[in-house]
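Here the structure is laid out as structure tokens; the discussion comes afterwards.
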There are 2 protein chains.
Amino acid sequence: MPPTAVTARQAFDAIKTACSNCNLRELCLPIGLEDDELKRLDELVSTRKRLKRGEYLYRSGQGFESIYAIRSGFFKTDVLIEDGRDQVTGFQMTGELLGLDGISNEVHSCNAIALEDSEVCAIPFSHLEGLSREIHTLQHHFHKVMSREIVRDHGVMMLLGTMRAEERLAAFLLNLSQRFKARGYSPAEFNLRMSRDEIGSYLGLKLETVSRAFSRFQEEGLLAVHQRKVRILDTPGLRKLMTHQRG
Amino acid sequence: MPPTAVTARQAFDAIKTACSNCNLRELCLPIGLEDDELKRLDELVSTRKRLKRGEYLYRSGQGFESIYAIRSGFFKTDVLIEDGRDQVTGFQMTGELLGLDGISNEVHSCNAIALEDSEVCAIPFSHLEGLSREIHTLQHHFHKVMSREIVRDHGVMMLLGTMRAEERLAAFLLNLSQRFKARGYSPAEFNLRMSRDEIGSYLGLKLETVSRAFSRFQEEGLLAVHQRKVRILDTPGLRKLMTHQRG
DNA sequence: ACCCGCGTTTGATCCACGTCAACCTGCCGA
DNA sequence: TCGGCAGGTTGACGTGGATCAAACGCGGGT
């Protein structure tokens, strides 16, 4: 089948937003939907949006009307308060949803910023609610996604509340590793999309502490770091460090 | 209308679980429902359950099938990991929902423990999903509740990630105060239902640090504490301490 | 190829909170 | 009434991570 066999129609289909031909459908909202249900989901995922590195997808205080599924790229969400403090509340990658925080008050309660050039599908929330009233599977899956976010947050609370610096970083790296793996990338070698400062903010540490922890892991042969390039050499070692180290 | 005018039927109605005559209906799931919708919600809130102080409502790992609305009492939720660490992830009071964490994996991911004698309404989750497919208002309200939980968790992350001990305690007390107020109790004077250790776990501090912070607030005239009895004397002072104190 | 600037690394010092330990206090049961 | 004890307070001391400061090195622009 030579390239010339690609019709205009096919080219259009390939470009247009559609869950049914998105290779993330096993990762994203459509999980478990039947073909005909998937077609209906296509209808509501109307808008696709590209963002350059550093661009805001939404800002705290802005009106909420859509949630966003990440098609490609990498984001962070953060909260900031008047006195200048800010807390990175999460890093989101391909297939994950952004904007769930906005549902409660119809206003976004954090900022979402692209850490690399990215693309998202905007899903008007009222449409999603409408469709999930009709498609049980979609409804249930959406509830699971929200619940998973709550569970994840509890994990971060545990991390921030009880772990020491190196344990936090180990937990962070293992989590990233596992998520890259789930997306078909190497769990052992990846590029960090965020700065030491952003990692620090997420982990409740200063960038110097993060940097030192990286250096220490390297000394101990747990991983190889060079700037933002990380190669994990000893996953069990990291895991042990994360759970054990008490007293 | 003398007491004898209370019929058996009315007495029964007063006792039986029913959102439509629950005085929490403005606080709890039924918010915004029409009378006829409220009646339908009554049907699904089938079971009421009493718990004594210290009893578990559910445990981490247990199968999930219901969420719970607190009718009266006070709870904590916590997560614990093998090595003995535990993190209190929240304190819940009248009108709040418990169990949202269980939706994601059909298994509870934390423990819920009554901190005083309490009563909850069990809401079978599949029924709730069913009904919320029919009642838009209920669906939307439920989504808001879940989203609010996410936003709350972000607030705790901010607290754990960026605040110093006294700021954390101030934030905690102001939050409690505001929630008591919303329930018609005094925002200035209340009894803590939890120990210093539990507060510490929630705030990522040791009980000694919590105790010292209390003493310091007392010295500074911000509040009067005696054991678990707290009287807030200077709300603006606490608020200032919470947001300002940088450098 | 060079320079400039930001993100990162590394070192020296400081301090908030943790740790350890003693003591206090209100409560409950005998 | 008393004794025991769990929870809370207070003090002395240690330490992990923050802070301050300096130097490094990579990437982008000219």
Side-chain angles (χ1 to χ4, degrees), chain A residues 52-54 76 84-88 113 115-117 159-172 191-220 223-230 241-242 245-247, chain B residues 52-54 76 84-88 113 115-116 159-173 191-220 223-230 241-242 245-247:
Chain A
K52 300 251 274 283
R53 183 171 198 278
K76 71 166 177 182
R85 276 183 273 208
D86 82 308
Q87 172 74 31
V88 171
I113 302 150
L115 294 182
E116 62 183 25
D117 294 0
L159 180 147
L160 292 171
T162 76
M163 291 185 177
R164 34 184 60 260
E166 293 188 6
E167 296 172 313
R168 294 184 198 190
L169 187 62
F172 171 71
N191 276 72
L192 298 172
R193 269 64 169 193
M194 68 297 281
S195 69
R196 298 289 187 263
D197 197 30
E198 287 163 332
I199 297 173
S201 172
Y202 182 60
L203 299 179
L205 302 168
K206 293 289 151 181
L207 71 293
E208 293 96 328
T209 306
V210 174
S211 177
R212 276 185 245 271
F214 268 122
S215 301
R216 195 148 218 280
F217 285 174
Q218 178 140 274
E219 280 168 30
E220 290 169 357
L223 47 80
V225 221
H226 184 63
Q227 303 284 116
R228 298 192 176 186
K229 180 136 203 149
V230 174
L241 192 155
M242 191 187 83
Q245 209 101 327
R246 281 287 90 177
Chain B
K52 299 252 274 285
R53 181 172 200 278
K76 71 166 179 181
R85 276 183 273 208
D86 82 307
Q87 172 74 31
V88 170
I113 302 150
L115 293 182
E116 62 183 24
L159 180 148
L160 292 171
T162 76
M163 291 186 177
R164 35 185 59 257
E166 294 188 6
E167 297 172 313
R168 293 184 199 190
L169 187 61
F172 171 70
L173 291 171
N191 275 73
L192 299 172
R193 268 63 170 196
M194 69 297 279
S195 69
R196 299 290 188 262
D197 196 30
E198 287 164 333
I199 297 173
S201 171
Y202 182 60
L203 299 179
L205 302 169
K206 293 290 151 181
L207 69 295
E208 293 96 328
T209 306
V210 173
S211 178
R212 277 185 245 271
F214 268 122
S215 303
R216 196 148 218 281
F217 286 174
Q218 178 140 273
E219 280 168 30
E220 289 169 359
L223 46 81
V225 221
H226 184 63
Q227 305 284 117
R228 297 192 178 185
K229 180 135 204 149
V230 173
L241 191 155
M242 192 186 83
Q245 207 103 326
R246 281 286 90 176

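Naming: A, B, ... by sequence-line order, numbering from 1 per chain.
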Listing, residues 208-216 of chain A side-chain donor-acceptor contacts under 3.5 Å, not counting sequence neighbours, or none:
{"unit_1": "A/Ser215", "atom_1": "OG", "unit_2": "A/Ser211", "atom_2": "O", "d": "3.1"}
{"unit_1": "A/Arg216", "atom_1": "NH1", "unit_2": "A/Glu220", "atom_2": "OE2", "d": "2.9"}

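When rounded to the nearest whole Å, the span between NZ of A/Lys229 and P of D/dG27 equals 11 Å. Rounded to an integer number of Å, the gap from CD of B/Glu198 to P of D/dG7 is 9 Å. Rounded to whole Å, the distance from CZ on B/Arg216 to P on D/dG11 is 13 Å. If you take CZ of B/Arg164 and C1' of C/dG18, they are 15 Å apart, rounded to a whole angstrom. The distance between atom CG of B/Leu115 and atom P of D/dG7, rounded to the nearest whole Å, is 12 Å. Note: CE (B/Met163) to C1' (C/dC17) measures 17 Å, nearest angstrom. Distance A/Glu166 CD to D/dA18 P: 12 Å, rounded to the nearest Å. One atom, CG of B/Leu205, and another, C1' of D/dG8, lie 16 Å apart when rounded to the nearest Å.
If you check every strand for non-hydrogen atoms under 4.0 Å, A/Gly204 touches sugar and phosphate atoms only.
Summary for the helix from C/dA1-D/dT30 to C/dA30-D/dT1: the axes at its two ends, each from 5 pairs, differ by 40° when rounded to the nearest 10 degrees.
With sequence neighbours left out, the ring pair (Phe, Tyr, Trp, His ring centres under 6.0 Å) criterion links A/Tyr202 to A/Phe91, A/Phe172. For the side-chain hydrogen bond (donor to acceptor under 3.5 Å, both in side chains) test, residues two or more places apart in sequence or in another chain that qualify with A/Glu116 are A/Arg193. Under the side chain to side chain contact (heavy atoms under 4.5 Å, CB included) criterion, B/Gln227 pairs with no residue, sequence neighbours left out.
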Worksheet, complete the sentence: Going 5' to 3' through nucleotides 4-15 of chain C and flagging B where a protein heavy-atom sits under 4.0 Å of the base, S where only the sugar-phosphate is that close, and - otherwise, we get ---SSBBBB---
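Here the straight-line distance linking atom CD of A/Glu167 with atom CG of A/Leu159 works out to 9.0 Å at 0.5 Å rounding. In this structure, CD1 on A/Ile199 lies 8.0 Å from CZ on A/Arg228, to the nearest 0.5 angstrom.
Put simply, the side chain of B/Leu160 reaches to within 4.5 Å of the side chain of B/Gln87, judged on heavy atoms.
A donor-acceptor pair under 3.5 Å links the side-chain atoms of A/Asp117 to the main chain of A/Arg53, judged by distance alone. With hydrogens and angles ignored, the 3.5 Å screen pairs no side-chain donor or acceptor of A/Arg196 with any backbone N or O of A/Leu207.
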